[in-house]
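Single-structure report; data block below.
Only heavy atoms go into these numbers, but all of them, side chains included; no hydrogens, no water, no symmetry mates. Atoms within a ligand are numbered from 1 in the order they appear, just like the ligands themselves.
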Amino acid sequence: MAKQMLTGRGIRGREYALMIKYPHVKEWVDRMAAMCQPDQIHWCDGSEEERVRLTAEALKAGELIELNQKKAPGCYLHRTARNDVARTEHLTYICTSFQGDAGPTNNWMSPREAYRKAREIFTGAMKGRTMYVVPFAMGPIGSPFSKIGIELTDSIYVVLNMRIMTRMGKAALNALGPKGEFTKCLHSKADLDINRRLILHFPEDNAIWSVGSGYGGNVLLGKKCLALRIASVLAQREKWFAEHMLILGVEEPDGRHLYVAAAFPSACGKTNLAMLLPPEGLKQKGYRIWTVGDDIAWMRLDTDGQLWAVNPEMGFFGVVPGTNMRTNPNAMLTVKSNTIFTNVALRPDNTVWWEGHDDPAPAKALDWQGKKWKPGMTETDGKAILSSHPNSRFTAPFTNCPTHSFRYNQHHGVPISAIIFGGRRATLAPLVYEAMNWEHGVFMGATMASERTAAQVGAIGEVRRDPMAMLPFCGYNMADYFGHWFDMGERIRQHPKIFHVNWFRTDEKGRFLWPGFGENLRIIEWILARSRNAVAGVQTPIGYVPNPKDIDMTGLRLPAGAMDKLLAVNKKEWLAELDSVGKFFDQFGSRLPDELWAQHKALRQRLLASKA
Ligand code: OXD
Ligand code: MN
């Protein structure tokens with residue numbers, strides 16, 4: 001088979017030379033091709049000529065629909081299968097020799113069983129198709145952060161998305177060199193059958209196998225699979241952090257640039273925060289925001305004893321519905337050109353539309369499945385039929401964003417002044433509070449919880465614990481992951497302060513108390529002031545909350561009493577929360593770091609000793 005692949009009709013001279021130069025890659029590609037049996041193999045170089053050619057092929061095959069090139073230059077629409085619209089966590093596995101190494105929060109399969117099951121599905125899955133060899137780098141090429149992966153896929157959609165989301169092509173292969181270590185990523189759409197879908201991670205082999213899906217989070221293997229699940233294992237081994245965090249640069253009125261990293265569960269507004277537009281009051285003071293990343297942060301200790309971070313990605317894979325000029329003007333500007341939309345509605349003029357768009361609903365359109373749609377349509381049970389899937393996405397180049405930081409390619413990244421954890425909680429968590437020290441901050445991250453959103457399959461609204469927003473993305477036992485956070489705390493000499501925010505607290509009538517979006521900068525301003533000890537905090541049993549006078553409210557009026565409600569700490573609710581946290585911790589048994597139980601006990605004592 002290997003010989004056939006070398007002389008097969010898809011192999012050109014230039015590609016042959018590449019394979020000779022990277023024998024270890026060639027050997028692996030041959031083996032995978034022998035199993036998947038593609039008609040041809042194409043080694044991607046990442047060139048513009050290649051993009052044009054592949055786009056034309058995808059249009060011909062119906063994988064992409066060309067949008068109005070006058071109004072949306074370089075933009076295309078893709079529709080996934082109806083049953084393939086979000087990450088399928090129940091089909092996502094960490095495959096380690098010992099189940100304990102995957103831990104109680106991950107699905108586990110032994111590598112032997114996983115390879116056997118997947119091999120059955122992969123065998124012959126690429127017959128009649130092309131296998132694309134996609135070399136890519138996560139992180140600036142040549143930087144100490146950078147990791148190389150190679151994805152084999154039979155989906156042009158994947159290739160074109162990887163081209164946006166990563167540093168893809170020749171440069172990545174060059175960086176790999178003849179013997180370099182790389183993550184072996186194999187993907188096939190196969191028959192898109194949910195019963196034959198598996199997203200498998202093999203940390204011991206530095207490999208990822210994904211089959212039976214075409215949805216981004218399952219198939220753009222550089223993103224969740226490599227940059228979080230596999231990278232988290234590498235990070236523990238090599239003493240750094242691979243986190244589900246945005247990176248935001250704040251240019252203060254005095255010209256100082258400070259950077260924060262923030263973890264929020266999926267679809268809780270990370271992209272909005274990363275692209276934040278300062279509200280008028282703060283803009284006048286001279287604040288500017290720089291976007292470094294909206295989803296993933298890799299952080300390392302530098303020689304100054306501080307944490308420095310890079311965004312390993314090169315693009316945005318953002319949630320579309322609700323995005324408009326009010327909620328996220330920078331995202332709207334970002335998706336004006338060279339963007340691939342997935343599962344949104346198509347208007348008669350070949351432009352896209354979605355729920356929450358600035359334009360009014362079109363009189364008619366094609367919905368995300370390509371069916372005729374008009375406003376007001378309902379299911380038989382009376383539920384509105386949406387034009388766009390709630391988890392519809394845009395894939396757009398990072399540099400499209402008007403606020404993208406010029407430091408995105410900086411080899412050592414940006415220094416992190418504060419770490420922010422956040423959840424979507426209607427009650428309990430104040431708008432913002434600060435941990436008393438690193439250990440307390442780790443406890444705060446480890447006990448994060450949020451209401452489920454459309455980015456995961458499952459019941460929307462249900463509260464689930466999502467430590468550091470890494471529950472679906474930690475590639476090893478989360479107890480050991482918490483231990484890694486404590487271990488790193490001992491290594492860091494200049495600790496960033498740790499905060500928790502909750503933009504989603506509601507009043508008795510279920511109305512949001514805080515306007516969110518750009519106004520969140522007011523809270524970040526307080527966070528940065530606290531980071532350099534410029535303002536005092538108010539001590540509560542759960543940490544420090546702001547003195548309301550220290551939050552700059554220029555240009556923003558909240559209803560009377562709203563700020564008190566936003567910052568309130570309810571003893572009874574918190575004691576109940578601790579019971580729930582205790583149950584969550586119990587599942588880790590003796591592997592859970594003692595420090596977390598110590599923090600749990602100390603918080604209970606502080607609560608019991610407090611008044612109301
Ligand atoms: C994402 C997610 O797509 O977290 O970023 O689901
Ligand atoms: Mn994410």
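- Geometric assessment of Lys583 against the ring of Phe585 yields a negative cation-pi assignment under the 6.0 Å and 45° thresholds.
- Considering backbone and side-chain atoms alike, Tyr215 places every N or O at 3.5 Å or more from each N or O of ligand 1.
- Under the 6.0 Å cut-off for aromatic ring centres, Trp368 and Trp354 do not qualify, their centroids lying 6.0 Å or more apart.
- The distance from ligand 1 to the heavy atoms of Asp295 drops below 4.0 Å at these ligand atoms: 5 (O).
- For residue Lys224, an N/O/S atom approaches the Mn ion (ligand 2) to within less than 2.8 Å.
- Considering backbone and side-chain N/O atoms, Lys270 never comes within less than 3.5 Å of an N/O atom of ligand 1.
- Taking any N or O of Lys223, backbone or side chain, none lies under 3.5 Å from an N or O belonging to ligand 1.
- Its N, O or S atom nearest to the Mn ion (ligand 2) is what matters here, and for Asp295 that atom is OD1.
- Numbered from 1 in the order shown, with element, the atoms of ligand 1 that lie under 4.0 Å from a heavy atom of Arg87 read 2 (C), 4 (O), 6 (O).
- Side-chain atoms of Asp367 do not come within 3.5 Å of backbone N or O of Trp373 as any donor-acceptor pair.
- Aromatic rings of Trp308 and Tyr259 (six-membered ring for Trp) have centroids beyond the 6.0 Å cut-off, not under it.
- Remark: ligand 1 atoms within the under-4.0 Å shell around heavy atoms of Lys224 are 1 (C), 2 (C), 3 (O), 4 (O), 5 (O).
- Set against the non-hydrogen atoms of His244, the atoms of ligand 1 under 4.0 Å away are 4 (O).
- Heavy atoms of Phe316 found under 4.0 angstrom from ligand 1: none, in either backbone or side chain.
- Near Phe473, the atoms of ligand 1 lying under 4.0 angstrom from a non-hydrogen atom of the residue are 4 (O).
- Ring centroids of Phe499 and Phe421 are separated by 6.0 Å or more, keeping the two rings apart.
- Between Ser387 atom OG and His357 atom NE2 the span is 10.0 Å, to the nearest 0.5 Å.
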Does the side chain to side chain donor-acceptor pair (under 3.5 Å) test come out yes or no for Ser213 and Asp84, once each step is laid out?
CA-CA 6 Å; Ser213 173; Asp84 193 21; 2.7 Å; yes

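- Each of Arg167, Lys147, Lys223 was compared with Glu313 under the salt bridge (charged side-chain N to carboxylate O under 4.0 Å, His left out) criterion, and only Lys223 meets it.
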